[in-house]
Amino acid sequence: MRLIKPKKKSAAENVLPLINVVFLLLIFFMLAGALEKAELLDITPPETANSGQPDDTTAVLLVAADGRLSFEDEILERADVVGHLKAYFAEHPDGRLKLKADAQSDAAMVIALIEELRAVGLKELGLLATGAS
């Protein structure tokens, strides 16, 4: 009985399936990765029983646990927040503001900030929180 010897493959033919698999894995991990924009401050909001989701058309003011404030990807001093918000709402008269405060932030400071925003004429303010688990 005579056996036929298989043809030897070239080096390029042996590597091609590996390149295809690596390329497909690359595409998978690019699509499966987080596609949302990272926030400037690390915030852990308090929990809520409400399951409503915020929309992406509103501006978000971040309040960190240590009292730092961030708006529009910029860390602001407490005295500058009202000026930045006035300028933002002058450009976006129908805009809304969401306040995302850390659960460990000082509640009195957050309430004072909300009162300042109300005093300058902010009509609608949403407070963001995470769902209770």
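Please read these numbers as outputs of a predicted model, since none were measured by experiment.
Taken to the nearest 0.5 Å, the CG atom of L62 stands 9.5 Å off from the CD1 atom of I75. Taken from NZ in K98 to CG in L125, the straight-line distance is 8.5 Å, to the nearest 0.5 Å. Rounded to the nearest 0.5 Å, atoms CG (D66) and CG (D102) are 8.5 Å apart. In this structure, the separation between CD1 on I19 and CZ on F23 is 11.0 Å, given to the nearest 0.5 Å.
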For this session: Tell me, with the steps shown, if H84 and L76 meet side-chain contact (heavy atoms from CB on, under 4.5 Å).
Result: CA-CA 9 Å; H84 275 79; L76 302 174; 3.5 Å; yes

Exercise. Do R68 and R78 pass the side-chain contact (heavy atoms from CB on, under 4.5 Å) test, and can you show the C-alpha distance, the side-chain angles, and the key distance before you say yes or no?
Worked result: CA-CA 8 Å; R68 292 179 297 154; R78 174 69 188 258; over 6 Å; no

Exercise. Stepwise, does the side-chain contact (heavy atoms from CB on, under 4.5 Å) test hold for L113 with L99?
Worked result: CA-CA 10 Å; L113 179 63; L99 181 66; 4.2 Å; yes

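Hydrophobic clustering keeps I27 apart from V21 (ILVMFWY residues linked when any side-chain heavy atoms are closer than 4.5 Å, directly or through intermediates). Cluster annotation: I111 and L61 are assigned to distinct hydrophobic clusters (Ile/Leu/Val/Met/Phe/Trp/Tyr, side-chain heavy-atom contacts under 4.5 Å, transitive).
When all heavy atoms of V60 and F71 are compared, the closest pair comes out as O-CD1, 3.5 Å. In terms of heavy atoms, A64 sits closest to S105 at O-CB, 3.6 Å.
Within the 4.5 Å cutoff, side-chain heavy atoms of L97 are placed close to those of F89. Within the 4.5 Å cutoff, the side chain of M109 has heavy atoms near those of the V63 side chain.
Residue Q104 places its CD atom among 12 or fewer non-hydrogen atoms of other residues, nucleotides or ligands, all under 6.0 Å distant. Within a 6.0 Å radius of CD in E77, other residues, nucleotides and ligands contribute 12 heavy atoms or fewer. For R118, the CZ atom is loosely surrounded, since the number of other residues' heavy atoms within 6.0 Å does not exceed 12.
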